[in-house]
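See below for the structure under consideration.
Please read all numbers here as calculations on a predicted model, not as lab measurements.
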Amino acid sequence: MKNPLAILAADGLDARGGVVVEGDRIAEVLGAGRQPAAPCGTVLEATEHVVLPGLINTHHHFYQTLTRAWTPVVSAELFPWLVNLYPVWAQLTPRDLELATTAALAELLLSGCTTAADHHYLFPGGLEDAIDIQVDAARSLGIRAVLTRGSMTLGSDDGGLPPQDVVQDLDTILADSRRLVESHHERGPGAQIQIALAPCSPFSVTQEAMRDSAALAEDLDVRLHTHLAETLDEEQFCLDRFGLRTVDYLESVGWLSPRAWLAHGIHFDDGEIARLGAAGVGIAHCPTSNMRLASGTCRALELEDAGAAVGLGVDGSASNDGSNLILEARQALYLQRLRYGADVPPERALRWATVGSARALGRDDLGEIAVGRQADLALFRLDDLRFSGSHDPLAALLLCGADRADRVMVAGRWRVVGGQIEGLDLPALVADHSAAARGLLSRADV
């Protein structure tokens, strides 16, 4: 990829001459005026492209693409939003999940995303193979995925938020978690599919589920994920039920470790930020969802400066209501400027979406343009009207609102060319996915 218009390389690297890809890895990063060490079989003149590392999404709920902009919850905060949606989501079928997952991953790919983490915690009758369905969808599109085996064990009868018909017993959860890791989890550089364990939230799982999931993750050497400190309601729930603030609760169940990454992480005090940073816990900052549900603003700069790995997540498509990661980086930039001031640079938000997210997911082979890293790249053109008159190409991606990549490479293979996903009939997917969304609401009788 020769002479890009602009490129976001790893800190300190001059990549103005371009990038050489060999197999699934970056073989050379060329400074201005430099040539490859050997002739290349294919040359892409990138003079009209801004080149980024493939964007990495650290938190999502793919199934929620079926309940975007649903009228009863368009102006609700988190707890009433969930209470209204749980009965709808309980009607999910395997085909619904297949379509929802494919739609979410396709939308992410088109936005320049090459790795996506999903938090799936709903397993109504007939959907026991939910994560297996997601594995197949990710492999079909050629995207990397961290698929978390979520869980809910604390139903409304026992003081939790979800209805009883969407919770599972802990033995079933742990057995399926072990099966999924043994069946699908890949290790080492270049892994495409990874499995993590993900009890849903303090208000939907028991302390036992949190402790036993942490122990199993240690035994299987996989990562841990949950929602934490998203709203003040959740903080009050932890105080009322456990007598602990959220980070104290996290530590009490064995989760204060670099194995864990947390969705949202908004309501932390200074001491809690220091503890999270010292423990190397990751944070999935989800700015659009946080604004949509009026949850608050993550203290991303302070968390990162304390040592936490800060990445970005689009969150579920019923609280965003999209799956566009380059737009999420723009939102992160602007929301963090509201908290910290205008000197938060666009590059910092782009690095949250790339190397920061890679760190949050425990991946040192992704997220940077550097020799030896995986050849996951997103290329954007700046020839739309919205970019006309812009001068700094990297800043223009966020400030002018780029929303679609022209080309996306995963592991050295082009998965998006000319703004189209290779091998995917997008109109057919939209038609089938829309029909599934209507069917879901019909079955829920809402």
Side-chain angles (χ1 to χ4, degrees), residues 1-22 24-34 36-37 46 49-58 112-115 144 189-190 258 261 277-278 280-285 298-312 325-326 328-330 332-333 336-337 340-380 391-399 402 405 409:
M1 298 176 206
K2 186 177 179 181
N3 297 327
L5 176 64
I7 185 167
L8 184 70
D11 278 341
L13 282 183
D14 178 6
R16 288 174 293 171
V19 175
V20 177
V21 171
E22 185 174 356
D24 64 353
R25 300 191 184 203
I26 296 171
E28 291 183 80
V29 176
L30 304 174
R34 285 189 54 218
H49 287 100
V50 180
V51 182
L52 302 181
L55 308 183
I56 299 172
N57 180 41
T58 58
C113 178
T114 54
T115 301
R144 300 186 199 275
W261 86 102
V281 175
I283 304 293
H285 177 30
C298 175
R299 296 168 65 181
L301 268 64
E302 291 158 90
L303 281 159
E304 188 170 51
D305 291 346
V310 174
L312 296 187
L325 196 49
I326 190 67
E328 201 66 32
R330 184 180 200 236
L333 173 68
Q336 293 303 314
R337 282 188 175 189
Y340 297 108
D343 60 349
V344 180
E347 182 179 291
R348 188 159 188 177
L350 288 171
R351 294 199 188 279
W352 287 331
T354 53
V355 67
S357 287
R359 286 184 59 218
L361 297 181
R363 298 291 295 260
D364 60 8
D365 58 331
L366 307 177
E368 289 185 303
I369 294 176
V371 173
R373 298 293 192 272
Q374 286 291 301
D376 292 4
L377 300 165
L379 282 64
F380 295 83
H391 299 277
D392 180 331
L394 277 171
L397 286 179
L398 300 191
L399 300 184
M409 173 180 282

Give me the atom names and distance for the closest heavy-atom approach of Pro53 to Leu8.
CD-O, 3.5 Å
How many angstroms lie between atom OG1 of Thr354 and atom CD of Glu368, to the nearest 0.5 angstrom?
7.5 Å
Within the 4.5 Å heavy-atom criterion, are Met409 and Met1 side-chain neighbours or not?
yes
What pairs with Arg351 under salt bridge (charged side-chain N to carboxylate O under 4.0 Å, His left out), at least two apart in sequence or on another chain?
Asp11, Glu347
Ile369 and Arg373: side-chain contact (heavy atoms from CB on, under 4.5 Å), yes or no, with the steps?
CA-CA 7 Å; Ile369 294 176; Arg373 298 293 192 272; over 6 Å; no
Distance col, row Gln374:CD vs Asp364:CG, nearest 0.5 angstrom, shows 10.5 Å
Strictly distance-based, threshold 3.5 Å: is any side-chain N or O of Arg330 a donor or acceptor partner for the main-chain N or O of Leu399?
yes
Closest heavy-atom pair, Tyr340 versus Glu302, reported as atoms and distance to 0.1 Å, is OH-OE2, 2.5 Å
Atom CD in Glu328, atom NE2 in His285: separation rounded to 0.5 Å?
8.0 Å
Nearest heavy-atom contact between Ala284 and Trp261 is CB-CD1, 4.2 Å
Do side-chain atoms of Gln336 reach the backbone of Cys298 as a donor and acceptor pair under 3.5 angstrom?
yes
Counting only heavy atoms from other residues, nucleotides and ligands, does the tally under 6.0 Å from CZ of Arg348 exceed 12?
yes
Identify the heavy atoms of Leu394 and Ala6 that sit nearest to each other, and give their distance.
CG-CB, 4.2 Å
Report the distance from atom CG of Leu377 to atom CD1 of Ile26, rounding to the nearest 0.5 Å.
5.0 Å
Atom pair CG (Asp343) and CZ (Arg337), whose distance is rounded to the nearest 0.5 Å
8.0 Å
Going by side-chain hydrogen bond (donor to acceptor under 3.5 Å, both in side chains), name the residues that satisfy it together with Asp365, two or more places apart in sequence or in a different chain.
Arg363
Mind listing the closest non-hydrogen atom pair of Glu22 and Ala27 along with its distance?
CB-CB, 3.9 Å
Please assess Arg144 against Leu366 for the test side-chain contact (heavy atoms from CB on, under 4.5 Å), listing each intermediate value before the final yes or no.
CA-CA 10 Å; Arg144 300 186 199 275; Leu366 307 177; 3.6 Å; yes
Chi angles and distances behind the side-chain contact (heavy atoms from CB on, under 4.5 Å) call for Val310, Leu301:
CA-CA 8 Å; Val310 174; Leu301 268 64; over 6 Å; no
side-chain contact (heavy atoms from CB on, under 4.5 Å) for Leu350 and Ile326? Distances and angles first, verdict last.
CA-CA 8 Å; Leu350 288 171; Ile326 190 67; 4.1 Å; yes
Glu28 versus Val371, closest heavy-atom pair with distance
CA-CG2, 4.0 Å
Checking Trp352 side chain against Ala332 main chain: does a donor-acceptor pair fall under 3.5 Å?
no
Can you tell me how far OG1 of Thr114 sits from CD1 of Ile56, rounded to the nearest 0.5 angstrom?
5.5 Å
Quick one: does Ser357's side chain have a donor or acceptor within less than 3.5 Å of a partner on Leu312's backbone?
yes
